[in-house]
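Every number for a ligand or one of its atoms is a count from 1 in the order of the listing. Predicted, not measured: the structure shown is a model, and the values here were computed from it.
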Amino acid sequence: MVDATADRSRFLALEGVAKRYGQVTALAEVSFDIRRGEFVTLLGPSGSGKTTTLMTIAGFVEPSAGRVGREGLDITRLPPEKRNFGMVFQGYALFPHMTVRGNIAYPLKIRRWPQKQREAAIERVLAQVDLTDFAERKPSQLSGGQQQRVALARALVFDPDVLLLDEPLAALDKNLRKQLQAELKKLHRDVGKTFIFVTHDQEEALALSDRIAIFNKGRLEQVGAPEEVYNRPTNRFVATFLGETNLVPADLLAARGVCVEGLRPGGLVSIRPELVRVSSTPQGEGVVSLPVTVSERLFQGSQVQLSLAGPDGLPLIGHVRADDEALLRVTGRGETCWVSWPVGAGVPLHNA
Ligand SMILES: Nc1ncnc2c1ncn2[C@@H]1O[C@H](COP(=O)(O)OP(=O)(O)OP(=O)(O)O)[C@@H](O)[C@H]1O
Ligand SMILES: [Mg+2]
């Protein structure tokens, strides 16, 4: 029986989930909770365990250890067809011989929905993914983005409690991908379901998600809202995987009398390039100020990115606004200038 008092924040729960294939550890003791209605993204490089995690939630992979819970119930061994989860697989295989309508009808056929309900559900979902006019076409007569939307419709049509999406946008070119990201976000708002989305694209994860779970080598490195994981990464992997950052050794700061709260000897401070100020003279009180030499300049439109060499050759990145001509004149290749940031803007990294 479903526990009616079950905490909304624990709609789905992974507790110490591990998966081993012989000597290979695909997943090592992963634990986190998913809220009802949330858009959660599993983000990580290739082979980090994203698909394994998704397949474990779907019920296609049985974990070697740990459990999967739903609203207080243990569903670890519940077969996939009893979970009522919709799934868009990596590479979203549509049935090529069936029309769009046939593809979308398929899950309803398996579930033996009555004809009338079937038709209503298909019309509703066709409208949701904007394919009403394409219902009688075969997948080969559709663009990549349209095929992608058929796969989404097929996963949504039977009114699943959760939608699992494994890199659904990976095969698309950049513009189409951007467009479908916006559509996916709107779809999530419209249908109000829990979406669990897999990608290895950091920007995509930051743009779409309520929360992001970051994987590396089968381990869960950090879970949090996009702003949280971007602004307050807890370790080096997360800091460097989510966009560019400057990593400054604790020892270098200590030698300059800078004391950062929570920073251990041998540790690192992460400071995003957009928080670094480039100037021609050292800055004063309350800021870290380091002398640097410009090694490379990269024009990026609104700004110029500077690759810099700091004390002991420490590589750093800073930006100068493209309209700051005075500063650009004194920050040519080989010139010496200064970078600075407020002491509190640096994020101390654990297990760096
Ligand atoms: N059936 C299997 N047998 C053996 N090893 C497997 C199996 N399935 C996955 N693995 C291994 O487990 C690890 C995690 O795989 P997984 O598919 O979860 O990665 P992923 O994060 O989805 O990667 P990608 O971004 O490339 O899809 C990889 O090292 C993979 O080779
Ligand atoms: Mg995968």
For residues 322-336, tabulate all N or O donor-acceptor pairs below 3.5 Å that involve a side-chain atom, not counting sequence neighbours.
residue : atom : partner : partner atom : Å
D323    : OD1  : R321    : NE           : 3.0
D323    : OD1  : R321    : NH2          : 3.4
D323    : OD2  : R321    : NH2          : 2.7
D324    : OD1  : L327    : N            : 3.3
T331    : OG1  : L327    : O            : 2.9
T331    : OG1  : L328    : O            : 3.4
R333    : NH1  : E296    : OE2          : 3.4

Pair [X] + [Y], salt bridge at N-O below 4.0 Å:
X	Y	value
D159	K193	yes
D201	R177	yes
R36	E71	yes

*Going by side-chain heavy atoms closer than 4.5 Å, which hydrophobic residues are tied to L43, directly or by a chain of links?*
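Via sub-4.5 Å side-chain contacts, L43 links to L206, I212, I214, V229, Y230, F237, V238, F241, L242.
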*Sort out the contact shell of ligand 1: every protein residue with a heavy-atom distance below 4.0 Å, listed by chain and number.*
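Within 4.0 Å of ligand 1, protein side: Y21, A26, P45, S46, G47, S48, G49, K50, T51, T52, Q90, E167.
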*Say you draw a straight line from CZ of F197 to CG of L208; how long is it, rounded to the nearest 0.5 Å?*
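Between F197 CZ and L208 CG, I get 5.5 Å after rounding to 0.5 Å.
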*Identify which protein N/O/S atoms are less than 2.8 Å from the Mg ion (ligand 2).*
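Near the Mg ion (ligand 2), the protein supplies T51 OG1, Q90 OE1.
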*Linking I/L/V/M/F/W/Y whenever their side-chain heavy atoms sit closer than 4.5 Å, directly or via other members, would L12 and V17 fall into one cluster?*
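Yes, L12 connects to V17 through the hydrophobic network.
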_Check the orientation of F195 and F39. Use parallel for under 30°, tilted for 30 to 60°, and perpendicular for over 60°._
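F195 vs F39 ring planes: tilted.
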*May I ask you to check whether over 12 heavy atoms, not counting those of F32, lie within 6.0 Å of atom CZ?*
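Enclosed: over 12 neighbouring heavy atoms sit under 6.0 Å from CZ of F32.
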